[in-house]
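Notes for the one structure printed next.
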Amino acid sequence: MHYESKYHRSVEDAEKFWATKAKQIDWFDQPKQILTQDKDGLYRWFSDGMLNTCHLALDYHVAHGRGEQDALIYDSPVTQGFARYTYNDLLQETARLAGALQSMGIGYGDRVIIYMPMIPQVVFAMLACARLGAIHSVVFGGFAAHELALRIDDAKPKVILTASAGIEVDKILPYKPIVDKAMSEAQHQVEKVVVYQRWMHRAKLEKDHELDWELLARDAQPVGCTPVKATDPLYILYTSGTTGKPKGIVRDNGGHAVALRYSMEQIYQVQPGDVFWAASDVGWVVGHSYIVYAPLITGCTTILYEGKPVRTPDAGAFWRVIADYKVQTFFTAPTGIRAIKKEDPEGLLKQKYDLSSLKYLFLAGERCDVATLQWTQNLLNIPVIDHWWQTESGWPMLATPIDQGVVHPVKPGSAGKPVPGFQVHILDQDGHVLPRGAEGAVAIKLPMPPGCLPTLWQATDRFKESYLDAYPGHYFTGDGGYQDADGYTYITGRIDDVINVAGHRLSTSDMEEIVAAHPAVAECAVIGVENELKGQVPVGFVVLKSGNDITEKLLEKDLIQMVRDQLGAVACFKKSLIVKRLPKTRSGKILRRVMRHIADDKPYHVPSTIEDLSVLDEIGAVCEKQVFRQL
Ligand code: COA
Ligand code: AMP
């Protein structure tokens with residue numbers, strides 16, 4: 001069946017379409033109710049179905065002859081570490097860890113925070129939680145203690161699973177002090193902390209609540225899978241919103257499994273047994289969906305790569321991994337490709353490797369600029385497909401369709417056509433669908449397909465306010481964009497205070513809260529400016545308290561440290577500028593969008609409500625001396 005007919009079926013009779021797709025996974029109780037609305041009026045998929053996601057990812061494959069196939073390959077250029085886990089091995093490790101967690105009182109519905117680097121144990125941990133019907137919340141290792149504390153207070157975990165250290169290229173980053181600091185800052189009391197000790201740095205475990213991972217797992221008895229409802233949460237993944245408080249995106253078990261399984265054949269053209277590699281981190285949604293759950297539910301071999309596209313050891317690192325494991329489908333962020341292009345512009349390092357296994361490259365996480373797309377197409381000579389999604393959707397909403405191996409035309413700058421199930425609309429301020437070519441807010445007509453967030457963790461009102469209230473009958477994505485005459489959508493960027501730094505989603509209001517806390521700062525605005533490598537980087541514009549004469553350099557040094565300490569190094573906050581005033585509307589709203597256009601040297605529209613036009617010239621004069629693109 002061709003894309004067009006699949007797409008029409010998926011939206012014209014969504015229940016029938018998804019009832020068929022649901023048959024591709026092994027339920028304990030097949031769902032009869034396909035799409036329902038709960039007491040809050042929110043849509044729920046497969047509400048009477050019973051299943052276990054770990055069973056789908058492991059036990060099912062072992063029972064169906066895949067026990068000896070590689071499930072997980074760990075490749076770590078930063079430690080020279082390497083390991084292969086067959087489905088049998090991964091099941092054994094997971095079932096034992098689940099037993100250990102169960103002996104600590106973890107069971108159905110309990111929350112477990114996982115704050116770990118890219119090592120196999122993080123995958124065991126996620127799957128072990130799923131096995132028990134517990135809810136995991138993975139926190140990206142690049143976040144600092146305060147961010148971890150916010151998540152502890154929101155998710156209220158019984159246990160934190162962590163490791164003694166992460167490694168960033170050649171830096172050893174101890175994790176335990178961050179966990180200790182977060183626990184002392186959080187109001188919620190965590191019962192136990194389990195630490196996986198890595199050879200390059202061992203953490204001191206001195207308190208009663210601190211346990212050694214290996215000792216615990218060694219003595220544990222393997223346990224089976226707890227059946228859960230399709231609508232029970234599998235995980236909570238926090239993401240940046242427009243306030244300093246992260247949003248706890250809930251992912252349910254049933255819709256998630258059905259959607260991910262479907263995405264592997266529909267979008268990625270992957271079959272059971274294929275080698276699939278998503279070069280991301282399990283702390284992000286790409287890692288959840290396409291390092292762990294989708295490839296394993298599909299019976300693929302997945303790769304867990306503890307390294308970077310460059311410097312570990314060079315810009316040929318990705319090509320080496322693809323050749324070593326005969327990767328068929330590869331997924332990364334455009335920023336990773338830009339990093340390679342910067343260091344190896346001719347792509348000479350690729351020539352050392354046999355990349356004949358590679359069929360497709362998928363890019364997401366940020367808009368893919370045309371130059372990067374074309375450079376990659378020329379280098380690899382395979383289809384390079386930009387596709388668009390977000391933590392909330394859990395799987396792609398736009399992608400260039402592929403019909404039986406034939407790729408629809410790839411249009412540079414566009415993230416493709418709607419994936420079956422997603423009715424992608426471009427809306428004006430009043431919620432009317434705009435004509436083709438006109439730019440507006442990108443929204444998804446309800447109901448969204450399975451796999452998308454049903455709500456926020458224990459915050460249904462916030463869910464409705466953040467996503468549903470702006471355009472009744474639609475989910476608002478936070479992105480702007482337009483569609484062309486052929487139905488291709490072009491995502492032009494966030495229209496809220498969220499920025500995308502090296503494919504990492506961050507909130508500028510979060511950073512503003514930190515900057516504003518500096519004793520010399522009267523007020524500030526943090527905006528995302530264009531950057532050649534990372535897509536965007538944050539820049540702070542600061543107005544000093546009167547009488548304060550701190551120098552720009554000294555203030556910048558303080559602010560960089562404060563953002564690193566409170567939000568994390570991953571924010572890449574490296575630049576702040578002192579200005580006399582910030583441009584505002586007469587009602588006092590800072591004109592961040594206009595500032596962004598000035599900083600990016602792009603034309604902008606001056607709102608009629610501006611308080612004082614001359615401030616824009618002052619901002620322009622400050623920005624003129626800067627080279628943000630190369631920060
Ligand atoms: N734990 C601790 N610190 C981390 C971290 C982690 N898991 N990940 C990143 N950091 C730190 C880095 O060490 C760096 O710190 P520094 O300022 O002290 O050097 C900082 O956070 C910024 O890291 P990063 O954004 O990775 O920048 P980089 O200059 O080290 O590397 C790229 C640049 C482009 C190579 C890198 O960002 C990259 O590979 N991006 C791909 C992103 C991606 O996969 N996104 C997922 C969505 S698909
Ligand atoms: P995250 O939730 O971290 O996955 O970030 C999601 C956001 O990243 C989206 O709302 C977009 O702003 C941006 N994004 C992701 N993929 C793309 C893409 N292919 N093109 C443009 N923007 C993208």
Side-chain angles (χ1 to χ4, degrees), residues 115-118 139-144 165-175 178 237-241 247 249 278-291 305-312 315 317-318 331-343 362-369 373 385-400 413-416 442 453 476-481 489-496 498-506 528 531-537 560 563-564 567-574:
Y115 183 68
M116 294 183 68
M118 290 283 285
V139 179
F140 177 61
F143 282 125
I167 299 164
E168 274 290 295
V169 187
D170 49 5
K171 284 178 292 186
I172 295 177
L173 304 170
Y175 275 25
I178 301 174
L237 179 58
Y238 288 88
T239 190
S240 302
K247 291 176 180 158
I249 306 299
S280 179
D281 187 290
V282 286
W284 306 111
V285 68
V286 175
H288 280 65
S289 295
Y290 293 107
I291 295 176
Y305 174 71
E306 190 181 26
K308 299 251 175 188
V310 291
R311 294 180 287 144
T312 60
F318 278 1
F331 180 157
T332 187
T335 188
I337 300 289
R338 287 196 297 270
I340 296 174
K341 183 172 141 208
K342 192 168 171 217
E343 301 213 351
F362 286 85
L363 297 172
E366 57 178 317
R367 201 183 90 82
C368 182
D369 55 284
L373 181 84
I385 297 173
D386 178 12
H387 62 328
W388 168 78
W389 52 301
Q390 49 184 200
T391 310
E392 289 86 343
S393 67
W395 65 293
M397 298 183 277
L398 289 170
T400 302
S414 166
V442 185
L453 81 169
F476 173 46
T477 64
D479 282 326
T489 300
Y490 295 72
I491 301 293
T492 49
R494 297 290 302 197
I495 46 184
D496 54 14
V498 168
I499 59 170
N500 214 307
V501 181
H504 305 140
R505 176 167 159 185
L506 301 161
N531 179 265
E532 263 170 26
L533 175 64
K534 298 193 175 179
Q536 282 186 305
V537 290
I560 291 173
V563 175
R564 282 181 85 90
L567 208 160
V570 71
C572 289
F573 183 93
K574 299 211 163 130

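One-based numbering, in listed order, for ligands and for the atoms of each.
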- Query: With a 4.0 Å cut-off on heavy atoms, does G365 reach ligand 2?
  - Reply: yes
- Message: Would you say atom 32 (C) of ligand 1 makes contact with the protein, given that contact here means a non-hydrogen protein atom less than 4.0 Å away?
- Response: no
- Message: So, 4.0 Å and heavy atoms of K574: is ligand 1 close enough to count as a contact?
- Response: yes
- Query: So is S280 close enough to ligand 1, meaning a heavy atom under 4.0 angstrom away?
  - Reply: yes
- Query: Is there any N or O on L363 that sits under 3.5 Å from an N or O of ligand 2?
  - Reply: no
- Task: Hey, can you tell me if W389 and H387 have their rings parallel, tilted or perpendicular (30° and 60° cut-offs)?
- Result: tilted
- Does the distance from a Lys or Arg side-chain N to an Asp or Glu carboxylate O, for E343 and K308, drop under 4.0 Å? no
- Item | Closest protein heavy atom to atom 13 (C) of ligand 2, given as residue, atom name and distance to 0.1 Å | N500 ND2, 3.4 Å
- Message: With the threshold set at under 4.0 angstrom, would you say F362 reaches ligand 1 through any of its heavy atoms?
- Response: no
- Task: Report the nearest protein non-hydrogen atom to atom 22 (N) of ligand 2: residue, atom name, distance rounded to 0.1 Å.
- Result: R367 N, 3.4 Å
- Query: ligand 2 versus H387, non-hydrogen atoms closer than 4.0 Å: side chain, backbone, both, neither?
  - Reply: backbone
- Could a heavy atom of A502 be found less than 4.0 Å from some atom of ligand 1? yes
- Message: Polar contacts were defined as any N/O atom of the residue lying under 3.5 Å from an N/O atom of the ligand; does this apply to T332 and ligand 1?
- Response: no
- Query: Relative to the heavy atoms of L173, which atoms of ligand 1 are at a distance of less than 4.0 Å?
  - Reply: 2 (C), 3 (N)
- Message: Minimum distance, heavy atoms only, to atom 4 (C) of ligand 1: which one of M118, E168, M116 is it?
- Response: E168
- Part of T391 with heavy atoms under 4.0 Å of ligand 2, whether side chain, backbone, both or neither: both
- In the protein, what heavy atom is nearest to atom 9 (C) of ligand 2, and what distance, to one decimal place, separates them? D479 OD2, 3.2 Å
- Query: Does some non-hydrogen atom of R564 fall short of 4.0 Å from ligand 1?
  - Reply: yes
- Message: With heavy-atom distances below 4.0 Å as the criterion, list the atoms of ligand 1 near K171.
- Response: 13 (O), 15 (O), 16 (P), 18 (O), 19 (O)
- Message: Quick check on W389 - does any of its heavy atoms sit under 4.0 Å from an atom of ligand 2?
- Response: yes
- Message: Contact between ligand 1 and A279 is defined here as a heavy atom of the residue under 4.0 Å from a ligand atom; is it met?
- Response: yes
